[in-house]
Amino acid sequence: MAIALSGLCVVHCVASAVLLAMLSAAGGLLLNPIFHEVGLVFAILLGAIALGRGIAEHGYWMPAAMGAFGLGIMAGAMSLPHDGGGAETLWTVIGVGLLAFGHDLNRRATA
């Protein structure tokens with residue numbers, strides 16, 4: 001489920017860029033900073049629960065460390081300008097990928 005949510009974040013980031021290019025009104029709504037801030041808060045909370053639970057169940061820290069690294073990159077990407085250059089989207093997608101990888105490591109360690 002966590003990997004699917006990470007995938008949904010990637011879809012949102014890519015869709016926002018495409019929608020912004022096609023329809024500035026729809027892109028403006030999806031690129032609203034509050035949308036990203038609330039989404040990041042949910043990602044951090046859900047990531048902490050899921051990855052923390054994994055540490056409690058199997059004792060491996062690597063999945064949580066990888067997930068935290070991804071979340072940190074996502075948070076850092078929010079500080080980049082929304083100028084349409086794509087840097088924010090690129091770093092967010094990298095962060096989401098690392099978070100999803102952390103969740104996958106967690107899943108494999110539990111199996």
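It should be emphasised that the depicted structure is a prediction, and the values quoted were computed from it without experimental measurement. If you read the sequence from its start, that first residue is 1, and numbering goes on from there. Only heavy atoms go into these numbers, but all of them, side chains included; no hydrogens, no water, no symmetry mates.
With hydrophobic clusters built from ILVMFWY side chains whose heavy atoms lie under 4.5 angstrom apart, L90 does not share a cluster with L40. Follow the hydrophobic side-chain contacts under 4.5 Å out from I49 and you never reach L8; the two are in separate clusters. Placement of L98 and V10 in two distinct hydrophobic clusters is found when ILVMFWY residues are connected by side-chain heavy-atom separations under 4.5 Å, directly or transitively. Clustering ILVMFWY residues whenever any of their side-chain heavy atoms sit less than 4.5 angstrom apart, transitively, puts V14 in a cluster other than the one holding W91.
Summarising the geometry, atom CD1 belonging to I44 is positioned 12.0 Å from atom CG belonging to L51; distances are rounded to the nearest 0.5 Å. Taking CD of E37 as the reference point, atom CZ of F42 lies at 13.0 Å (rounded to 0.5 Å).
Taking every heavy atom of both residues into account, H103 and S6 meet most closely at CD2-OG, 4.1 Å. Of all heavy-atom pairs between N106 and P63, the closest is N-CB, 3.6 Å.
Residue pairs satisfying the salt bridge (charged side-chain N to carboxylate O under 4.0 Å, His left out) criterion with at least one member in residues 48-66, sequence neighbours excluded, are listed as follows: R53-E57. Listed by first then second residue, pairs satisfying ring-ring contact (aromatic ring centres under 6.0 Å, His included) with a partner in residues 57-76 read H58-Y60, not counting sequence neighbours.
Scanning for side chain to side chain contact (heavy atoms under 4.5 Å, CB included) contacts around A43 gives L71, M74, with sequence neighbours left out.
You'll find the side chain of T92 reaches within 4.5 Å of the side chain of E88, heavy atoms only.
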